[in-house]
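Per chain, numbering begins at 1; letters A, B, ... match sequence-line order.
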Amino acid sequence: MKLYSTLTKQIDEIKPLNPPIVTVYTCGPTVYDYAHIGHWFTYVRMDTLIRALKADGLQPKWVMNITDVGHLVSDADEGEDKLEKGAKREGKSAWEVAEFYTQDFIEGMKALNMLQPDKMVKATDHIPDQIELIKQLDDKGYAYIIDAGVYYDTSKFSRYGDFAGLDLDEQQAGARVSLNPQKRNASDFALWKFSPTDHKRDMEWDSPWGKGFPGWHIDCSAMSMKYLGPTLDIHTGGIDHVPVHHTNEIAQSEAATGKPFAQHWLHANHVMVEGQKISKSLSNGVSLQATSDKGYSAEVVRLHVLESHYRSQSRFSWDSLEAAQNRLNNLQAFADLRFQATASDGKASGADFDKYTELITNALLDDLNTPKALALLSGLVDEHSVISRDELGSFKRFITSVDELLGTKLGKSEDISADQRQLITKREAARAIQDWQVSDNVRDQLGIQGVGLRDTPGGAIWFRQAPQK
RNA sequence: GGCACCUUGGCGGAGUGGUUACGCAGAGGUCUGCAAAACCUUUUACGCCGGUUCGAGUCCGGUAGGUGCCUCCA
């Protein structure tokens, strides 16, 4: 399959080191607060990547981290640890905060029908691995110690700015942050931070350099290489990680191993909410709870994510979510045709469903073109409103494939009840004798139950809709 | 100040040189017992100005506006 790589800045063919295994590492959430719509956009896209890799015949080995320590509110010199801050806010320990939001995140993943990573790894479970990696860097002369902790000397890693296309001198001229005067270079970052002297942290560990906690970047390097080897096939994350987090991961990992850290880098672009960047100060980070409260299922959210391309800066709005809801209703009505195939001698759709499975797969294999995949699907729905018994097998197979490829749940819907089916039969009989009163009553009755009808030459076809009044 | 990106019809959103993306919404019509569904139609949609080309939304230059990053961030 082909994917755009941040590393090469072009669309490359994915070539795993050990096919059919393909190793994928995703920078997961920092669990100090509820995930918002922007996070979910990104993770649904990573999930789509895994699905596409599978469709390509590969066997993804997917590791996602949970950052539960060391991620600082401000820059690496000042600022609190996000977990410790969250703990203070909620009157809990940092450990409790991490556990709570980790569970909440996992529930969100399930709601969005995301595949579970083969491993979800926590930074706090891998402190020795991180210390070991820092030791290696120290031995090779990449580290230095100042009052704040152990730091990485980015000037020792000559290609430091290459990945993100950073010109460090130019950037420093416009930097808005006052630098720690002890740091050798503005871009240097913490490998290990020393615990503060004025209060005790919830999370701290002993190390060869002193009591403290790991820097934010070292956990991803240590854990990804531990589980997936020194060179990953695909490393993914949000686009914001390019200039700092991933740049630092590369610097640490490659300095330690002398090998390329990841063959391929995939970054999901950000989402704007009602035209604005998602930020704490605007409080516009819509949660899954918020979408649910407004009556939109996670399935709708997921479909809305797929409507835009992962590399474009997409937009979230309630209007577009409503549009996604309507689109999903139509897709579901199409999938529900599997409960009402027409007689074999009747009309058939004549669609080549296997061909469409292939077309949709190909769209995903072409740099995860989910909008195109949905356009293909909608085109098919638009052209075919009847399924014959002869086609039922290939149709069901198609719906199953779509669900696997896109993470939809079209094939999970249930048939209408026997009572409802009987009502439809009753109405057909009434219509046959032109008893419009009974016919309309039955239609209203079904409408109240959320079942709509459309009359075709071959009889009535039902579809689910919002319950009518 | 530096780097990168974007600008498509009412709202979203694809599309890198040559017939309708697609979705949602609105209007009119056909059909229908009435509806629904379907179908047809709906202002030449591609920020603006130049250029290249037989031909550009799609390449080049300029210009206006917007966004992201350079601070933690999916």
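When each of A:Met46 and A:Gln313 is assigned the nucleotide of RNA chain B with its nearest heavy atom, A:Gln313 is the one assigned upstream, toward the 5' end. The residue among A:Arg315 and A:Phe41 whose nearest nucleotide of RNA chain B is located toward the 5' end is A:Arg315.
Applying the 4.0 Å criterion to OP1 and OP2 of B:G13, one finds that A:Ser314 has every side-chain N and O outside that range. Residue A:Asn326 has a polar side-chain atom (N or O) positioned under 4.0 Å from OP1 or OP2 of B:A25.
Contacts of A:His309 with the nucleic acid, taken as non-hydrogen atoms under 4.0 Å apart, involve only primed sugar atoms and P, OP1 or OP2. Within the 4.0 angstrom heavy-atom criterion, only backbone atoms of the sugar-phosphate kind lie near A:His241; the bases stay farther away. Using a 4.0 Å heavy-atom cutoff across all strands shown, A:Gly38 reaches at least one base atom of the nucleic acid. Residue A:Val242 is out of contact with every strand shown, counting any heavy-atom pair closer than 4.0 Å. Counting non-hydrogen atoms under 4.0 angstrom, A:Arg45 reaches nothing in the nucleic acid.
Between A:Phe189 and A:Tyr152, the ring planes lie parallel to each other; the angle is under 30°, not in the 30° to 60° tilted range.
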Checking salt bridge (charged side-chain N to carboxylate O under 4.0 Å, His left out) for the pair A:Asp415/A:Arg421: CA distance, chi angles, key distance, verdict?
CA-CA 9 Å; A:Asp415 199 352; A:Arg421 210 169 259 290; 2.9 Å; yes
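For RNA chain B, runs of at least 3 consecutive pairs of the Watson-Crick or G-U wobble type, with both hydrogen-bonding distances under 3.5 angstrom, map to B:1-7 with B:64-70, B:10-12 with B:22-24, B:26-30 with B:38-42, B:47-51 with B:59-63.
Tested against A:His267 for a ring pair (Phe, Tyr, Trp, His ring centres under 6.0 Å), the candidates A:His241, A:His235, A:His245, A:His246 yield a single pass: A:His246.
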